[in-house]
Each structure stands twice: as structure tokens, then as C-alpha cells.
Chemist: 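Input: one structure, supplied below.
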Amino acid sequence: MSAKTRLVGVIALALAALIAPNLIWPAAPAAAGLIGLGGLGVVLGTLVAGVRVGVLSALATGVAGGVAVLGDGRLLVGIAVMVAAAIGLGVTARWQWSHGLIVLPITLAFVAAESPSQEPLASGVAFGSAMAGYGVVTALAASILRPHAGEAASTHVTSWSRTWGYAGMLAVTAIATTVISLSVDWGHAGGWLMMTPFIVIQPYIHDGLRKAVNRAAGTLGGFLVASLLDQVFGPGAILTAAGLVLAVLAAVAMIEKWSYALYALFLTPAIVILESVGRPLQQTDDNRLLATMIGVGLSLVAMAVAVPMYRRGAPQAGG
């Protein structure tokens, strides 16, 4: 399969992964949207790490999502779910898979923050089963588009000391953001706060600092794009279609390794639009910007605290 054919296939599958749950569960739009976002995460994870990891991550996300819905906004349950997501993502950095699996903890952040218990997915068991089953299907579909082992990813392996340091930073910030979000019942905006450290913090501190700057720049640009689209089109099918196009562009930006600021510029308005269905978009946009900036600040604090430990371990960790 040629690179161009594969890219077209990835775009088509990304769109299908996002849209299909809304057709399968039209009576539960919020839950279906999160299942679609999780499906997109499994697609990207499978492309990076392979079908076995894709299937396992789909099952794990389904279980965690079901537990989060069952917890219905309870603080300790939310903390447990997000810490598990943090450690899971952190460990995958050992094999350079975390950048492909990043959408899954993002999805769980929204599930934990909003707990979308709508019919016909009103229970944790129903939601978790739907998310896991849908994720497995998308993993199998994505495996067809994955490059052969010889074409695939990097053979570089991150040291275990740095891997666990990365997982630890994610876990600590996950606790902090979950406590803030669920204690004040921030809802949708709380999901943005909880997801931000997963995107900003990196196994290597200098990468995280650069990503924090790019994240803030991309967020501000995306904020303006979402506001402009809302003003031009207003709520409705055209705005939703624009959100889907932006989501696909974000997926392409990640796969093609474009600038992270550009990736954030696409991802920000995409998720603002797609996650604001049924809400005033401008309010979603404003809250998202505030939550993201708080999350970036917490991430910078966590990385600053970790710098001395990383420096002590640098010779053993390879830098």
C-alpha cells in the first residue's frame, strides 16, 4: 500500500470512527461523542503501536470509562481512573507509543469530568462495554492501514528510570487536576483541565517545555478559529462538519509529524466544536481556554520540580 493510499485510508477511518457512534446510539449523543473520540484514539494508537496494543488499550479504556461512569463524578473514583490512565500512558513511553495513544486518556478525562450517563448507555457496564467493543472494532480496522514492521516506528527505547519519572509526573498532575475539576463540579471545562498535562508533559523535560509553549500558542489560535467559525456559521450541521474536518487535519498533522503548534491549532477548535454540541460554543471555548492555561501552568510546575531528579539520573538514563 502506497503512503498516499494509506493516508487517504487513515483520513476515512478517522472520520468514520468519530461519526459512527452517533449513528449507532443517536439517543445518547454525549456518550456517543466520547465513544467516537475513544475510537479515534484507538485508531491512532494502533497505527503507532500495532493491533495487539490497540486491542488491549481499547479494552482497558472501556473498563476505565465504565468505572468512571459508574462513579458518577465521585472524587476518589475519578482520581483512581485518571491515575491509572496516567501510569498506563507513562509506561507506553518506554517504546515510544505514548504520542499515538494520547487521545485515550483525553477521552477518559472527559468521561470522568462529565460522566455521560444517558440512555441507552445509562449504566457504567453499558457505557464501558460499548466503548470497549467499539474500540476493538476500530483497532482491527486500523491494523489494515498500519505500515509493515520494517516501515514502522523508531527502535529507540526510553530508559525505565525516565519512563517511571514521566509516569509519576502524569500521575501527580492527574490527581491535582481531577481534584480541582470534580471538587468544583467544573464539568466539560474540567475535562479540558484534566487532559492538558497529558499533552504537555513529555518524557524529556526540554520537549515538555517546548510543547507547553506550542500548546499555549496553538490553543490561543484554535480559540480564535472556533470563535470565528461560530460567528460565521452558527450552531448546526455546517459547524459540526467543520469540526470533523479539523479533527481529521489534527490526525494528519500527528501522523505526518507537522509542527505541534499546528496540530494544536487544528485539535483545539475541532474538540471545542464537537464537544460543544448542545452547549453554547462561546462558553465552551472560553472555559476551555481558561482550563488549558491552568493545566499548562500545573504541567510547568511539575516539570520544574522534576528537573533536579532528571539531572541526577541523566547519566544512567542517557541524557
Side-chain angles (χ1 to χ4, degrees), residues 6-7 10 13-14 17 37-65 81-109 131-132 134-171 173-174 195-208 210-211 215 250-258 260 263-264 267 299 317-319:
R6 183 178 291 122
L7 184 58
V10 168
L13 182 57
L37 189 60
L40 175 63
V42 172
V43 167
L44 298 178
T46 301
L47 291 173
V48 169
V51 66
R52 185 181 306 173
V53 174
V55 168
L56 290 175
S57 64
L59 295 173
T61 303
V63 171
V81 167
M82 295 313 298
V83 168
I87 293 173
L89 184 70
V91 169
T92 66
R94 167 75 173 172
W95 302 280
Q96 307 293 300
W97 295 339
S98 55
H99 69 285
L101 294 164
I102 188 64
V103 177
L104 296 177
I106 288 173
T107 302
L108 289 174
M131 178 166 275
Y134 185 71
V136 169
V137 170
T138 58
L140 295 175
S143 67
I144 300 170
L145 299 170
R146 187 172 189 256
H148 295 300
E151 305 174 60
S154 160
T155 57
H156 177 71
V157 175
T158 304
S159 69
W160 275 117
S161 61
R162 190 171 292 276
T163 296
W164 286 116
Y166 171 54
M169 283 192 291
L170 290 177
T173 52
M195 69 168 246
T196 296
F198 286 96
I199 294 178
V200 173
I201 294 173
Q202 301 295 302
Y204 293 86
I205 295 294
H206 63 276
D207 290 338
R210 183 169 60 247
K211 185 161 280 192
R215 173 74 172 163
V252 172
M254 191 204 79
I255 293 165
E256 295 295 301
K257 299 180 180 178
W258 295 349
Y260 184 78
Y263 167 71
L267 186 67
S299 301

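Nothing fancy with the numbering, it's 1 onward along the sequence. A quick note: this is a predicted structure, and the numbers were derived from the prediction, not measured.
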Chemist: Is it true that a side-chain atom of Tyr166 and a backbone atom of Arg94 form a donor plus acceptor pair closer than 3.5 Å?
Modeler: no
Chemist: Nearest 0.5 Å please: distance from the CD atom of Gln202 over to the CZ atom of Arg162.
Modeler: 12.0 Å
Chemist: Strictly distance-based, threshold 3.5 Å: is any side-chain N or O of Thr61 a donor or acceptor partner for the main-chain N or O of Ala58?
Modeler: no
Chemist: I need the Met195 CE to Leu108 CG distance, nearest 0.5 Å.
Modeler: 12.5 Å
Chemist: For Thr138 and Leu13, what are the C-alpha separation, side-chain angles and deciding distance, and is it a side-chain contact (heavy atoms from CB on, under 4.5 Å)?
Modeler: CA-CA 8 Å; Thr138 58; Leu13 182 57; 5.6 Å; no
Chemist: What residues, two or more places apart in sequence or in another chain, satisfy side chain to side chain contact (heavy atoms under 4.5 Å, CB included) together with Ala60?
Modeler: none
Chemist: Nearest 0.5 Å, please: how far is CZ in Arg6 from CD1 in Ile144?
Modeler: 12.0 Å
Chemist: Do Ile199 and Ile102 touch side chain to side chain, with heavy atoms closer than 4.5 Å?
Modeler: yes
Chemist: Does Thr92 have any side chain to side chain contact (heavy atoms under 4.5 Å, CB included) partners at least two apart in sequence or in another chain, and if so, which?
Modeler: Leu89, Trp97, Ser98, Leu101
Chemist: Over all heavy atoms of both residues, which pair between Gly41 and Val103 is shortest? Give the atoms and the distance, please.
Modeler: CA-CB, 3.5 Å
Chemist: Donor-acceptor pair, Thr158 side chain versus Thr163 backbone, under 3.5 Å?
Modeler: no
Chemist: Do the non-hydrogen side-chain atoms of Thr173 and Phe198 ever get within less than 4.5 Å of each other?
Modeler: no
Chemist: Of all heavy-atom pairs between Ser299 and Ile201, which one has the smallest distance, and what is that distance?
Modeler: CB-CG1, 3.8 Å
Chemist: Side-chain polar contacts of residues 44-56 - donor-acceptor pairs under 3.5 angstrom, sequence neighbours left out - could you list them?
Modeler:
{"residue": "Thr46", "atom": "OG1", "partner": "Val42", "partner atom": "O", "Å": "2.8"}

